[in-house]
Amino acid sequence: MNDTNGVIAEVEDRWYREIVEAAPDATVMIDSNGLIVLVNRQTETLFGYLRSELLGQPVEILVPERYRRTHHIHRDGYFGEPNMREMGAGLELSGVRKDGTEFPVEISLSPVRTDRGVFATAAIRDATARRASENQIKNVLETAPDAMVIISRTGNIMLVNAQTERMFGYTRESLIGRPIEVLVPERLRTQHIGHRTGYFVDPKVRGMGAGLELSGRRKDGSEFPIEISLSPLETDEGTLATAAVRDITDRKKSQEQMRNLLETAPDAMIIIDQRGMIKLVNAQTERLFGFDRDALVNQPVEILVPVRLRDKHVGHRTGYFHDPKIREMGAGLELWGLRADGTEFPIEISLSPLDTEEGRLATAAVRDITDRKRTQEQIRNLLETAPDAMVIIDQAGVITLINRQTERLFGYSREQLVGQPVEILVPQRLREKHLGHRRGYFLDPKVREMGAGLTLTGQRRDGSEFPIEISLSPLVTEDGRFATAAVRDITERMLTQDASLRLAAIVESSNDAILGKTLDGTITSWNKAAEDLYGYTRLEIVGKSIRDLVPEAKLAELDAIMAGICNGAVVAQLETNRINKRGQLLDVSLTISPIHNADGVVVGASTIARDVGMIKKAQLKFEALLETAPDAMVIIDQNGLITLVNRQTERLFGYRSSGLIGKPVEILVPERLRHKHLGHRTGYFVDPKVREMGAGLELWGRRADGTEFPIEISLSPLDTEEGNFATAAVRDITERRKAAEQFKNLLETAPDAMIIIERSGAISLVNQQAEHLFGYTRDEMIGQSVEMLVPEQLRGRHVGHRDGYFRDPKVRGMGAGLELSGRRKNGTEFPIEISLSPLEPEDGRFATAAVRDITDRKKAQEQISNLLETAPDAMVIINQGGVITLVNRQTERLFGYERGAMIGQRVEILVPERLRDVHVGHRRGYFGDPKVREMGAGLELWGRRADGSEFPIEISLSPLETPDGHFATAAVRDITERKTAQVKLTDYARNLEASNRELEEFAYVASHDLQAPLRNIISFSELLREECVGKIGEEADQYFEFIEEGAMRLQGLIKDILEVSRLNRIKRSFATVDTNECLEGCRTQLRSLLQDTGATIELGVLPDVKGDALRLSQLFQNLLSNAVKFQRDGVPPVVRIHARRLGEFWEFSVADNGIGIDPEQSLQVFEIFRRLHTAEEYPGSGIGLSICKKIVESHGGRIWVESEPGKGATFKFTLPDVSTTLPPEHDYV
Amino acid sequence: MCDVLIAEDDAAALHLTLKALKMVDGRIRTHVARDGAQALAFIRRQPPFCDAPRPQLIVLDWNLPKVHGREVPVAVRSSAATRDIPIVVVTTSDAEKDREEAAHLGVNEYFVKAPHFRDFVDSMRRITERYIDGDADS
């Protein structure tokens, strides 16, 4: 060898060494004996040895012990046929480090032929990482939800995962190595092979056979639709393909359903892709637009749009895909559809995005709104021709529509108004308020009068103003919320309550819930809007029965609908109820149509449901509750904004609810207190509880007009899905305050001591009189226990009374019946009377005691008590209710009861049972007209003793007024003895009467019968005398005289007796008697006497009297005849009769000029048969005056005589005036 | 010439009446009935008074036996022929009820026999003057 070769060899040798040294892999060269002859740095690093430790060692040192023998064999085998290859392909190779740790390795071998023999160089790579990731991948593969099949170029299955086994029903082993077509239905296998080979020509990540129907075939031969994703997998063995296979049976099914739904939906459903190509239409689309589905699919959707609108539509469309949402398309714009025949019709479109594997799609639900437009037209016409000005504004207050009348009324042209804020029609000063009203209205839109009670003013273009009346109604359209105002100029006319027009509101929601069900009601499909509406997720509800969503009351309706569905009937916009997941009742509007299968048989129904009133209903219910609350109810949210108020609030604060809602609640609070209120409010939400707000503080409310008034507030938290709220019940306590003021005044000036105590007995308030009465100053009393005013020995009991009172507080006297005493500061005690009444009766927190010093009364009572006690009669005092309140000793003795047994009882216990009812009546009657009188005059009164025995009584009643009320005092006397005596007396009297009557009869008869013979005696004696005059002798004359005189006297007596008896016999009857007439009669009767005596009668003016005419005649006659009879010799009698008034009587005087009467005998003359003169002197029986006396006295009068001998006599007597009431007398006079 | 019927049962009283009438006017023709029945018969011209003249005055005692005096005015007033004959009751009874009854039955006057004969004659005179001379009062 020459040097150059050696140098080159050397250089080659060095270069090779450096390569080896720098190799990233560990390089180990071994000889044919397996001894390590060369290692590189990487080997040192990888295995952790120094090269010196390795050189010359058998390579097995780097192999885990358990593999060493196998490795040995491999090694030998390699050297047997050395070539460049992977070592132990497929096997798990491991290396072991110096420290004994193992790690997976990958080894590439290559032989090195040298003169010294064959060596093997192994390039060793730490395969830890790769192994790990290989494992990961393996895991992923294993656990993938899809079936993963890795095939070779030739189509052999290299690898499958668990899912593949499951999906196809094979074991792994039975698949690996088999051609992939085993998983493909026979008829498709050829096609598949083609696809497969085609794939390997250009392997890419893609869906396989996109658009084609792919099917898989299970081991049992059954088929199922699948979807396959392919991706190439580069390996050393070449390109493999990984197929991810998905079972799309369900999806296909739901796709079917979806297709059906779509197909049968009442609206035209068009699905377009991002480029605007129609991918799918339903039957309704065909019908609506007049195209066949084939003519539409894969056409740009613009073919359904009128030419002039196409460009714009494209813009909308692209814009939509930029930001796809469920929404109305082109809100506010006029949308038009173009039919196949070129005709146009107005439409409405709802869009919703649809993401598929093929990319983003959009579903458009198109509705023909020709009719609706027509209605709108009609409405527009109505509007136009309405007599009132109709102004429609949107939520921002911008005028969107007006009618002719508006132009006329306000003096603007249409163009000048549309697009302007409605406040342009409102006077400047009212604009801000109107703004508020308007906003408030949109918050709570209802058909109502606006600003009822306020004077509303409109402003014309020329600036002039005029009074108006406005009716509002909400108008919800596809374009949003509006308000329609009907404005009437009421300058000339009276305000009327009728709104001029009501527009029907069309409530629409922009998201429709769509669900499908079988004929028996099993829910088969469910969209997002349905999830939102009902609260059930698809998973939860599909397969369940629709009946779960239907309230009991509507089940029958449902059955009817489904029955109709079977016959192909369609239910449009049925208002009914459903129940959501939470159990809440929903108001929905349903459109239900049948689902047909391919054969045209109805197999189910599709329902489009709209929520039409869920929130509103609940709100209404809640509002109703609120409305009827007596207090003002204000509901605020966590930010203090008023969300709801009731009518009471409006009234109390002077706002319309529209002016309050949305405002911070502080507008109801006086400015100076707002800051503090804010604090309170936030504090409340931190710890919300049912409680009084600001207890003890002075709370004030502020009305709309700025005036303030004191209030009381109760708070309670209100949790809703919409967040935390607080409900405040506000009460106007102005009156209470006023009352409190009044009360304070009343209290101070009350005549009684007023003491207000708390439940604990502490004195909280006293008045002047209390200070005066008890001798303490106010300060000495307030805060102290009320027992300080009570004598020590009574304190304990008093506490008990007090507690008892607070337990059952009522207005009443305290300790009725008990002796109450008060104790002054100086220690003296005095009797008191207390009236209690609760203060704030709801919680009985306080009690007011009115205390009265009854020392005087007690004294008076004592006096009365004494009087009563010692009275000889039984004294019973009863109250208005007939209850005995007091009796005396005599009562006890008389009735045989103890005092205690009578007091408190009804007085009727002292009355025999049979008379009790009547007694009650008398009693009541007495209290109706209390007077001092006898009770039950004339009735038999009886008392009943305790032992049941009865006895006759006499009762005197007198009313008794006390501060405690009306009483009656009855003095009861036992009249048993008197009665007996009375009975005796009555008997006696009766007997007497009887005998008197007999006597009178006798006297009458006797007298009468005596008359005739007497007359004979007299008359014949006279005749005889005339015949015999001078014939018999002088003495005979005298005899005749004696006879006649005797007979005369007898006759006189008889006449008197007859008179007396006549007077007695005839019953007196009092009437009005004209004494003049009477005297005239007498004059006539006494005519002869008067003539004979030459008497003159002078009469004064004589009155009418009450009396018995007959007897009065007798009286006058007697007096007259007397007056004339007793004449003075030679003096013709002159009789003067006069009368004068004397109280209730008339005093008559009969004055004569006769002989007069000795004053000492003036009384005797009235005695019966008493004669002052002999019969020779003056004839007369002597009965006359006694009869006069009887007569006068029976008239209740008196008779006497005033006279002097020789000076005539004046007889005076009194007779009652016609109006006088005479006391009753016995009949026999 | 006038006829006067006197109805009186008591002989003494009758005597007095006749005497008084005679003293008043001797031309008066007096007829006597001793009881009520006779009085009625006279008025009715029944036996034994079939030839009785029509009296121009009846002086009647009230308490007559057989038939009570009250029947006389009843009978007198009930017949057209006798209706106008004046009846004067002269009696001892001063009873109110008798007076009333007599008045009701249509007697013209009623007075009590005065015990003094002179007075009695006066009253008879008054009666005859009133009822006999001239036209009879009703």
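None of the values given here were measured: they were computed from a predicted structure.
Side-chain atoms of A/Asn1153 come within 3.5 Å of backbone atoms of A/Val1134 as a donor-acceptor pair (strictly under, hydrogens ignored). A donor-acceptor pair is defined here as one N or O able to donate and one able to accept, closer than 3.5 Å; such a pair exists between the side chain of B/Thr82 and the backbone of B/Val76.
Of the atoms belonging to A/Leu1023, it is side-chain heavy atoms, and not backbone ones, that fall under 4.5 Å from chain B. There is no contact between A/Glu1044 and chain B, counting heavy-atom distances below 4.5 Å.
Around the CG atom of A/Asp1092, the shell of radius 6.0 Å holds more than 12 heavy atoms that belong to other residues, nucleotides or ligands.
Distance check: A/Glu1193 CD to A/Phe1166 CZ gives 9.5 Å after rounding to the nearest 0.5 Å. From A/Ile1191, atom CD1 reaches atom CG of A/Leu1110 across 8.5 Å, with rounding to the nearest 0.5 Å.
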Practice item. Starting from the C-alpha separation in whole Å, work towards a yes-or-no answer on salt bridge (charged side-chain N to carboxylate O under 4.0 Å, His left out) for B/Lys97 and B/Glu101. Key: CA-CA 6 Å; B/Lys97 72 173 190 323; B/Glu101 193 184 5; over 6 Å; no
Practice item. Report the C-alpha distance between B/Glu109 and B/Arg99 in whole Å, list the side-chain angles of each, state the deciding distance to 0.1 Å, and finish with yes or no for salt bridge (charged side-chain N to carboxylate O under 4.0 Å, His left out). Key: CA-CA 9 Å; B/Glu109 260 191 65; B/Arg99 278 184 187 267; over 6 Å; no
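The interface of residues 4-21 of chain B with chain A, defined by heavy-atom distances below 4.5 Å, comprises B/Asp10, B/Ala12, B/Ala13, B/His15, B/Leu16, B/Lys19. Listed by sequence position, B/Lys113, B/Ala114, B/Pro115, B/His116, B/Phe117, B/Arg118, B/Phe120 are the residues of residues 111-125 of chain B in contact with chain A, using a 4.5 angstrom heavy-atom cutoff.
Between B/Phe49 and B/His31, the distance separating the two ring centers is not shorter than 6.0 angstrom.
Among all heavy-atom pairs drawn from A/Cys1078 and A/Ala1109, the shortest one is SG-O, 4.1 Å.
By the 4.5 Å heavy-atom criterion applied to side chains, A/Ile1187 and A/Asn1118 are counted as neighbours.
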